[in-house]
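Here it is: the structure, laid out below.
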Amino acid sequence: MTDDSTNPAQRRVVGTPQIRKEGAEKVLGRAKYVDDIEFPGMWHGATVRSTIPRGRILAIHFDESVPWHEFVIVTAADIPGNNHIQMIAADQPCLADGAVNHCDEPILLIAHPDKRLLPQAVASVRIDYEELPAVLSIEESESKREIIWGADTSTPNVFKEFVLQKGNVDEAWSSAACIVEGEYSTGAQEHLYIENNGMIADYSDDGGITVWGSLQCPFYVHKSLMAVFNLPEDKVRVIQTETGGAFGGKEDYPSIIASHAALLALKARRPIKMIYDRMEDLAATTKRHPSRTRHRTAVDKDGKLLAMEIEIATDGGAYSTLSSTVLSRATLHATGPYVCPNIRIRSRAWATNTVPYGAFRGFGAPQTIFAIERHMEHIALAVGMDPVELRRRNFLHDGDTTATQQIMREPVILDQLLDRALAVSDFYAKRERYARENATNPVKCGIGIAAFYHGSGFTGSGERRLNSLAGVDVTLQGKVRVLVSSTEFGQGTNTILAQIAAEALGISYDDVEMAPSDTHLIPNSGPTVASRTSMVVGHLIQRSGRQLIQTLKEAANLSDNYTRHDFFAACELLRARDGEVKSLSRYEAPPNIYWNDDTYTGEAYPAFAWAVYVAEVAVDTITYSAEVIDFHTVQEVGTVLNPTLAAGQIEGGVAQGIGYALYEKVQLKNGHMFNNQMTNYIMPTAQDVPPIHVYFEQIPFAYGAFGAKGIGELPHDGPAPAILNAIQNATGESFSAIPLLPEDIFLRFASYGLDPENITA
Amino acid sequence: MNQFNYLHPASTDQAVSSASSDGSKFIAGGTTLVDLMKLYVENPSTLVDVNDLPLAQVESLPNGGLRVGAMVRNSDLAFHPTVKEKYAVLSEALLSGASPQLRNMATTGGNLLQRTRCPYFRDVTAGPCNKRNPGTGCSAIDGFNRTMAILGTSDHCIATHPSDMDVAMTALEALIFIEGPKGKRSVPINDFYKLPGDTPHIENVLEPGELITHVEIPPAISTKQHYLKLRDRASYEFALASAAVVARVEGGHIHSVRIAMGGVGTRPWRAHEAEAVLTGKPATPAHFQAAAEAALRGAKPHTENAFKVELAKRCVIRALKVATA
C-alpha cells in the first residue's frame, strides 16, 4: 500500500497542471448552483430568529395583517425525530423549544409560494421573551457568574478541555536564563464564500427526504437528517449541487438549513427552497473561533527553549458543534514547529451566548500559531537574539518528539525551508535597507517571518474512526468514475482525484469523471475537511486504481504494456464476468500509528505540511494604515499533484490570512453581528493583496496519494503572525491582537504627537 | 424586492410629470437605488427610468467652466480630457470611488443623491433608524459607529455621507440645475444638502418630481488641486476621511483656497473655517495644521470613531501639502 509509483519522471498526469474538471461549466455560466434549480410547485422557506442572546420564550404572536392561512409554519413540535442537530454532541436544537441561547437562533420556519412575501411575514411574528443575563465573552464565561452550558457537569460553561504534558515544566523555571510571558488574542472571521448557504428539500412517503444543496460533507447532512426525521439510512438522500466556496463554513451549517428545508417540505408536502441572503448568512451562520492564548516560556542563554506553559481559551458560542475538535487542533499546533523538553498545555473551549463558532480553514491552528509565532518574536527580543536565529535553534528535526511525544519519522526540512525563504525574499538585505530608510520616512517598512506546520488529515484516531471507503468504477459509456463523498467547492477535489485515478490506471485525464455527489450513489469517503482529501482519499483512489489493474490482469489478461483500448476492452470482459467494473478501498492507517485519546499522546497526525513565510509591510504613521507589500511562501506539502491548483491554494490562503490579520472584524453586539453586510465587513480586495511568491519543496509521503500531504489549510496559518512580526520590525511597536485595524495602530502612535513637517505624500 | 411600475419617458418634461406622484423615484445607474430596493430600504411604487434622456453631454462653457449632464457616467467624467486637465480633483475623486464596473454605471446626477452606508439604515431588521423610518430613533449613536460622521451630526442621526464626487464638486463650488413641476432652478452645491437635524430622512432641497438635469462647474483657472482619500482598503471602499483641495498659490502664499471633506460629515463638508485660516498665509505645514485644527474644531466623536478626528486632520494637512507642492 505504499507509494510504488517511484519515479516522478514517469508520471504523465499527476504533477501536471490539468484544467479543472468543472471549470468550463463554471466560466460558461452553465454550472447549476442550488438557487439555479427550480421544481414544479416549489415553495420558498424563511426563518424566524431570536432577537435576544438568552432567555425563555413566553409567547409567539402572529400579526393579523398577514394572511397566515397561505403559509406553512413549522415549530419544534413538528419535528418527527430528535430536536437536535447531530454533530459531535447533540446539544444544539434544530429549532428553539422554549428557550434561546443566542441571537439569530432559529425558532420558527415559514414557507409561501411567493418568496417576496416572506420578509414581511418574518417581521410580523412577534416573540415575547423573559430575558436572562447573557454571557458574551470568554472572560464572562470563565467567571461562571452565569452557567449557560453543562450545569450538570464538573466543568460548567466548558465544552471541552485538554491537558497535554511532556517532561516536567515546573522544574524547568529555575534553570532558565530568561522567562518570557505574553498574551495573544485573535478575533472571529467570516468565510465569505461567494455563494451563501442554500438548500432545497423534498419529501415523499415512499422515498423519504431528498435534499439538494451547497455543502462540503454529504454524509454529515445525511446523518443529521436521519436523527431529525427518525428515518433509516435509505430514506434520506443528500445531493450536493455546485458549491460556490465553503472554507469550512459549509461543514456543519448545511445540516441545519437542510433540516429546516426538509421540515417545511414534510409539512407542506411540496419542494421547499431556502436560500440565505448575505445579511442572514453573515449574522446566523458559523465563523472562526475567537481565541486567547497565554504563553510562559523558559529559555537558556543560547535561546534554547527549556519549558513552555501554554493556556488556550476559545469562544465556542452557544452550542458545542465542532468546538472540541477545533480546540484539539489548536492545542496540537500551539507549540509551533519547535522542540522543547518540557511542555504543559491546558486548553478550554468556552460557552457564550453567541452564534456557535465553527469550522474555518485552519480549524484552530491559525489562532495558536499566531500566538506562538508572535511570542517567538518577544522571546528573541528578551534574549537579544535575531528572531530568525532563535527559530532555527529550536526547530524540530527528524527523530525529535513533539508535545504529544510523537517522534518525527518523516523528514523535517525546516532549515532548508528557512534558508530558501531567506534567500528568495532577500530577507537580511531588505531588513537592513528598511531600517536605514525608516529613519527619515513616515512610511515605515518592515519584514517578518513565521515558521509553522499543519497536521494533515484527522487528528489522532480520527481517520481510523472515519473508516473511509472510496474507489473507482467504469461506466458502460467507457468512462472511469471516481466514487467519493469528497466534494468540490472551488479547491480542486474533482481535478486532483481524477488525476490520481488516471495516473493509477494508466489512462488519460479525459477518460475520468466524477460520480454525482449523491449519497445514494457514492461510498462514504469521509468529510471534505482537515486537508485530508489529497492525502487520505487520494490514496484510496490510487489503491483502488492499482487494485483494478491487478484484477484486470488476472481476470481479463490485461498485458503489462496495455493501451487505452486494451484497458477498456479488459473492463468489458470483467463486466461480463462480474456484472460491474468497480474497485473500492477502505482506509488503513500507516504502520506505527499510535494514539491515546485519554493522555493525548502519540501520533497526532500521520504527516505534517511545513512552511516558512515572509511578509513585508509598509506602515503609514500618518494615516495609521498597514499594507502588505510583498509576500514570500516556501512550503513542503509532499508531492504537488497539480501545480496550478496548489499555487492557487497558497495564494488564496495568504489573501485570507491578510484579511484575518489587518481587515476583517466581526462587530458583535449582544452576540449579534452588526456589520453583516459586505459594505461594512471589510475583506481585502485584489489591490490590497501583494504579489504572493509560491515555492514548493517536495518530499513524497509514502502513505499519501503519489506522495501528497495536505495543503488546503496550511497557507492560512502563517500570514497573520508574519505580518504582525513585520509591523513590529517596521515600527518597533509590538501588537498582540488581531484583527489589527488602523485605529489600533493609531492609539499606539497618537501619544507620540504629530509633526506636520513629516506629513508627506 | 417589491413590485413597482416602470416608466421609460423619452423627454425631461415627460420624466418630471411621470415622477411627481408619491412613491416615484428616478432611476439612472441604479447603483444605490437597486441595492436599497433589494434590502427593502427603498420601496418605490414607480421607477422612472431616465437613462434615455439627452443629459449625457460634457460641454465647455464660454466662461471657461464646464457643464456636465446628469446622465454622464462617472467613468466618462473622470476620463474626460477637460476634467483631467482642469478639474483634477474631480477626476481623482471619481476614480477613488467604488469599482470600474460601478463607475461605468453610476451617473453624475445619481451620485449627487447617493445615500449613506450606515448599517442600521441599510438593514430593516436592525432596529430603529430615523432616516429609514422617521421618528423611530437612531441605533448608531450607541451602536456600531466606527465609520459614522463626526461633523454635522444631530441627536437624531450620525450617518456619514459616502460620496467622493460630491466632495470634489463642493470644493469646486458646482451649481446644480434642476427641473421640476414648478419649472427650472439652480442651487449652489453647498446649499443643496441638508443637515440631518430632526429630519434626517430629508437629505437635500429637491422637491417631489424634481430632476437634476446638469451641473455647472465654474472655471478653476490657475489652481492647484488634489483629492486624498483614506480608507480601510485600497479600492472598493468608502472614505474614513477624505479631503478635496482647490488652491491658488502665488509666491509661496495662499491667495485663495477651498477645502471640502468627505467621510466625516453627514453631508459633503465644506471647511470654511480652515480656508479662512489659510487665506493670505504662507503655504507652510504649520499653517496647514492650524487649518486642519480649524476644520475639525466642531467635531463630535462617538464611542468608536474618535480616531477619525485625528485622521481627518492629517488627511487635510497631507492634501494641502500635496496640492500646494
Side-chain angles (χ1 to χ4, degrees), chain A residues 49 51 104 114-117 119-120 122-123 277-280 282-283 442 620-625 627 658-659 662-665 667-670 672-689 741-747 749-750 754-761, chain B residues 1-3 35 38-40 99 117-120 122-127 139-140 142-147 162 226 228-238 240-241 284-293 304-308 310-311 313-323 325:
Chain A
R49 299 178 181 281
T51 53
D104 304 295
D114 185 348
K115 76 172 175 187
R116 292 170 303 179
L117 301 184
Q120 187 56 44
V122 168
D277 67 11
R278 184 64 69 182
M279 288 170 72
E280 185 172 23
L282 283 174
D620 186 331
T621 55
I622 307 306
T623 63
Y624 337 128
S625 72
E627 185 191 352
I658 290 171
L662 295 178
Y663 295 87
E664 299 179 33
K665 184 167 188 172
Q667 302 267 5
L668 296 173
K669 194 174 183 195
N670 275 335
H672 168 77
M673 181 180 183
F674 262 73
N675 55 333
N676 58 332
Q677 300 184 7
M678 291 187 74
T679 187
N680 294 311
Y681 181 81
I682 308 299
M683 72 186 299
T685 68
Q687 279 196 40
D688 301 290
V689 175
L741 299 190
E743 57 264 42
D744 304 320
I745 303 178
F746 159 62
L747 279 175
F749 284 99
L754 168 68
D755 178 0
E757 294 288 346
N758 275 342
I759 299 188
T760 53
Chain B
M1 197 187 289
N2 289 316
Q3 286 191 334
D35 261 15
K38 286 183 180 169
L39 295 167
Y40 297 92
S99 65
R117 311 300 292 190
C118 171
Y120 300 97
R122 290 172 56 85
D123 181 355
V124 294
T125 67
S139 302
D142 294 317
F144 172 57
N145 55 40
R146 174 177 181 268
T147 59
H226 185 55
L228 175 65
K229 178 175 179 177
L230 306 178
R231 47 183 155 176
D232 278 323
R233 61 183 166 201
S235 78
Y236 207 65
E237 185 52 63
F238 297 89
L240 287 171
T284 61
H287 286 110
F288 296 157
Q289 183 163 22
E293 296 290 345
E304 296 176 348
N305 65 1
F307 77 100
K308 287 178 73 172
E310 184 65 24
L311 187 66
K313 286 180 196 170
R314 294 171 180 217
C315 184
V316 169
I317 295 168
R318 188 180 280 188
L320 282 164
K321 203 159 177 177
V322 175

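In what follows, every chain begins at residue 1, and chains take the letters A, B, ... in the order their sequences are listed.
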Identify which part of B:R122 has an atom lying under 4.5 Å from any heavy atom of chain A, answering side chain, backbone, both or neither. both

Are the side chains of B:V124 and B:L39 in touch, meaning some heavy atoms are under 4.5 Å apart? no

Relative to chain B, which segment of A:F674 carries a heavy atom at a distance below 4.5 Å: side chain, backbone, both, or neither? both

Counting N and O atoms only, with roles assigned by atom type, does the side chain of A:T621 sit under 3.5 Å from a partner on the main chain of A:P442, one being a donor and the other an acceptor? yes

Can a donor-acceptor pair be found, under 3.5 Å and without considering hydrogens, that links the side chain of B:R146 to the backbone of B:E304? no

Measure distances from B:D123 to the heavy atoms of chain A and classify the residue's part below 4.5 Å as side chain, backbone, both or neither. both

Chain B contact via A:T679 - side chain, backbone, both or neither, heavy atoms under 4.5 Å: both

Which one of A:Q120, A:H672, A:K115, A:M279 has the most heavy-atom pairs closer than 4.5 Å to chain B? A:M279

So what's closer than 4.5 Å to chain A heavy atoms on B:F288: side chain, backbone, both or neither? neither

Quick one: does A:D620's side chain have a donor or acceptor within less than 3.5 Å of a partner on A:S625's backbone? no

Can you tell which part of A:L117 gets under 4.5 Å to a heavy atom of chain B, answering side chain, backbone, both or neither? neither

Mark yes or no for whether B:R233, through its side chain, and B:Y236, through its backbone, hold a donor-acceptor pair below 3.5 Å. yes

Is it the backbone or the side chain of A:N676 that comes under 4.5 Å from a heavy atom of chain B, or both, or neither? side chain

Strictly distance-based, threshold 3.5 Å: is any side-chain N or O of A:N680 a donor or acceptor partner for the main-chain N or O of A:Q677? no

Does a salt bridge link A:E743 with B:K308, judged by any charged N lying under 4.0 Å from a carboxylate O? no

Which bit of B:L228 is near chain A, if near means a heavy-atom gap under 4.5 Å: side chain, backbone, both or neither? neither

Using a 4.5 Å cut-off on heavy atoms from C-beta on, say whether the side chain of B:F144 contacts that of A:Q667. yes

So for B:L230, is it side chain, backbone, both, or neither that comes closer than 4.5 Å to the heavy atoms of chain A? side chain

Highest number of heavy-atom pairs under 4.5 Å with chain B: which of A:P119, A:A686, A:A283, A:P684? A:P119

